[in-house]
Number of protein chains: 2
Amino acid sequence: MIREDAVSEEPDFDPYHPDCPSRQLVDRVGDRWTILVTGVLSDGPARYGEIAASVGGISPKMLSHTLKALERDGLVTRKAYAEVPPRVVYELTDLGRTLRPVLLSVEAWARENAPAVLSARERYDAS
Amino acid sequence: MIREDAVSEEPDFDPYHPDCPSRQLVDRVGDRWTILVTGVLSDGPARYGEIAASVGGISPKMLSHTLKALERDGLVTRKAYAEVPPRVVYELTDLGRTLRPVLLSVEAWARENAPAVLSARERYDAS
DNA sequence: CGGTATCCTCAAAGATACTG
DNA sequence: CAGTATCTTTGAGGATACCG
């Protein structure tokens, strides 16, 4: 029984291999600011200042850095309007929207299990 | 119409607030090694050396550090058998298993969208 | 308003060597 | 085998100030 490798194997991206590009994607998705910024954009387009206000604690530098990385990866679009004062709107691309369910589930997990993890930590630290 | 806040509000963990503990959970889940190590343990219990072999590129130090953090958070159990040579088996707890679908979806996303992201990058870098 | 530019710190992470 | 100990580096990330 000969298997059609070309069909069943695909290019075979494997994040468990250190040199695979998909490893970088795990890193990007895993980035704390990526998760939070993309989470905000999941609710619809938003301006720079709105994102900054929504994601508490992020510095201008990290926000712009995160946004730029997301834009480079084709996950977010940036539209600047030549007005005074300037207005810049960020929005998820179709590709970026495929990330929504993933990131939202990370967020939901964090919310739901914070109590359990926190008490596990106390127990661990006590011993 | 008076709302029962105690019922509908829950403790209200919000990762978007910088001081909320759930922010740390987003960070932990987002950690590259956490994703990969937990991914391995999703297939069942595994020994230290097995995990090391599966997760390409991880150093002994980071593996033990990651494992310890997961144990502290109540996501993984560690069982050491007093044998020669020593055998130590790590396993996901029930709480840790709630993380499986989340992490697996991150991994799946990375695999599936690596080509699209990679070509977006090339396009971006070209301009 | 929407960013850059700059400086600075600290800790995450790699490499290596060694031990219970 | 399963780690720990130690040393070192580098760059992520915060704070601040300023520019188009």
Side-chain angles (χ1 to χ4, degrees), chain A residues 15-20 23-38 40-41 45-73 76-91 124, chain B residues 15-20 23-38 40-41 45-73 76-91 124:
Chain A
Y16 290 94
H17 190 283
D19 300 328
C20 179
R23 172 72 71 94
Q24 296 172 20
L25 295 210
V26 170
D27 289 356
R28 163 141 342 290
V29 174
D31 181 70
R32 58 187 300 200
W33 299 128
T34 295
I35 293 179
L36 266 8
V37 168
T38 313
V40 171
L41 293 177
R47 303 175 56 170
Y48 180 92
E50 292 172 339
I51 305 174
S54 297
V55 181
I58 193 170
S59 66
K61 176 184 163 187
M62 287 317 294
L63 178 50
S64 115
H65 178 254
T66 303
L67 252 8
K68 219 171 269 177
L70 289 170
E71 202 191 344
R72 179 167 111 102
D73 286 352
V76 159
T77 56
R78 187 196 118 114
K79 270 183 204 142
Y81 298 88
E83 305 171 353
V84 206
R87 187 165 55 99
V88 181
V89 178
Y90 292 91
E91 186 171 6
Y124 183 96
Chain B
Y16 289 95
H17 190 285
D19 300 327
C20 180
R23 173 72 71 93
Q24 296 173 20
L25 294 212
V26 169
D27 289 355
R28 163 138 344 288
V29 173
D31 181 71
R32 59 188 298 198
W33 298 128
T34 294
I35 293 179
L36 266 9
V37 168
T38 312
V40 171
L41 293 178
R47 302 176 56 170
Y48 180 91
E50 291 172 339
I51 305 174
S54 297
V55 180
I58 194 171
S59 66
K61 176 186 162 186
M62 287 316 295
L63 179 51
S64 111
H65 178 254
T66 302
L67 252 7
K68 220 171 269 179
L70 289 171
E71 200 191 345
R72 177 168 113 102
D73 286 351
V76 158
T77 55
R78 187 195 117 113
K79 271 184 204 141
Y81 298 87
E83 306 170 354
V84 206
R87 187 166 54 100
V88 180
V89 178
Y90 293 91
E91 186 172 7
Y124 184 96

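In the text below, chain A, chain B and the rest are named by the order of the sequence lines, each starting its count at 1.
Taking 4.0 angstrom as the limit, B:Arg78 places a side-chain polar atom (N or O) nearer than this to OP1 or OP2 of D:dG3. Phosphate contact (OP1/OP2 of C:dC1, side-chain N/O of A:Arg47, threshold under 4.0 Å): absent. For A:Ser64, no side-chain nitrogen or oxygen approaches OP1 or OP2 of C:dG2 to under 4.0 Å.
In this structure, B:Ala53 has no side chain to side chain contact (heavy atoms under 4.5 Å, CB included) partners at least two apart in sequence or on a different chain. Not counting sequence neighbours, A:Glu71 has no partner by the side chain to side chain donor-acceptor pair (under 3.5 Å) test. The side chain to side chain contact (heavy atoms under 4.5 Å, CB included) check on B:Ile35 picks up A:Val26, B:Leu103, B:Val106, with sequence neighbours excluded.
The two residues A:Leu70 and A:Arg28 make their nearest non-hydrogen contact at CD2-CD, 4.4 Å. Scanning all heavy atoms of the two residues, the minimum distance from A:Val37 to A:Leu63 falls at CG2-CD1, 4.0 Å.
Between atom NZ of residue B:Lys79 and atom CZ of residue B:Arg47 there is a gap of 14.5 Å, rounded to the nearest 0.5 Å. Here the NE2 atom belonging to B:His65 is positioned 10.5 Å from the CD1 atom belonging to B:Ile58, to the nearest 0.5 angstrom. Distance check, rounded to the nearest 0.5 Å: OG1 of B:Thr77 to CG of B:Leu67 gives 10.0 Å. The distance from atom OH of A:Tyr90 to atom OG1 of A:Thr66, rounded to the nearest 0.5 Å, is 10.5 Å. Taking CZ of B:Arg72 as the reference point, atom OH of A:Tyr124 lies at 8.0 Å (rounded to 0.5 Å). With rounding to the nearest 0.5 angstrom, the CG atom of B:Leu41 is 9.0 Å from the OG atom of B:Ser54.
Counting to the nearest Å, the C1' atom of C:dG3 and the CZ atom of A:Arg87 are 16 Å from each other. Distance CE (A:Met62) to P (D:dG11): 14 Å, rounded to an integer number of Å. What separates NZ of B:Lys79 from C1' of D:dC1 is a distance of 19 Å, to the nearest Å. Computed from coordinates, the A:Arg28 CZ to D:dA12 C1' distance equals 13 Å when rounded to whole Å. Atoms CG (A:Leu63) and C1' (D:dG14) sit 14 Å apart, rounded to a whole Å. Taking atom CD of B:Glu83 as the reference point, atom C1' of D:dA2 lies 13 Å away to the nearest angstrom. Rounded to whole Å, the distance from CG on B:Asp27 to C1' on D:dA12 is 13 Å. Rounded to an integer number of Å, the gap from B:Glu50 CD to D:dG3 C1' is 16 Å.
Rotation axes derived from the C1' atoms of the five outermost pairs at either end of the helix from C:dC1-D:dG20 to C:dG20-D:dC1 lie 60° apart, to the nearest 10°.
The residue A:Tyr81 sits apart from the nucleic acid: no heavy atom pair falls under 4.0 Å.
Near DNA chain C, meaning a heavy atom under 4.0 Å from it, residues 65-72 of chain A has A:Lys68 in order of number.
Minimum atom distance to the side chain of B:Tyr48 is reached by D:dG3, of the listed D:dG3, D:dG14, C:dG3.
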For this session: Could you walk me through whether A:Leu36 and B:Arg23 pass the side-chain contact (heavy atoms from CB on, under 4.5 Å) test, one step at a time?
Result: CA-CA 9 Å; A:Leu36 266 8; B:Arg23 173 72 71 93; 3.4 Å; yes
Seminar exercise, completed: Per-nt protein contacts along nucleotides 15-20 of chain D (heavy atom under 4.0 Å; B base, S backbone sugar-phosphate only, - none) come out as B----B
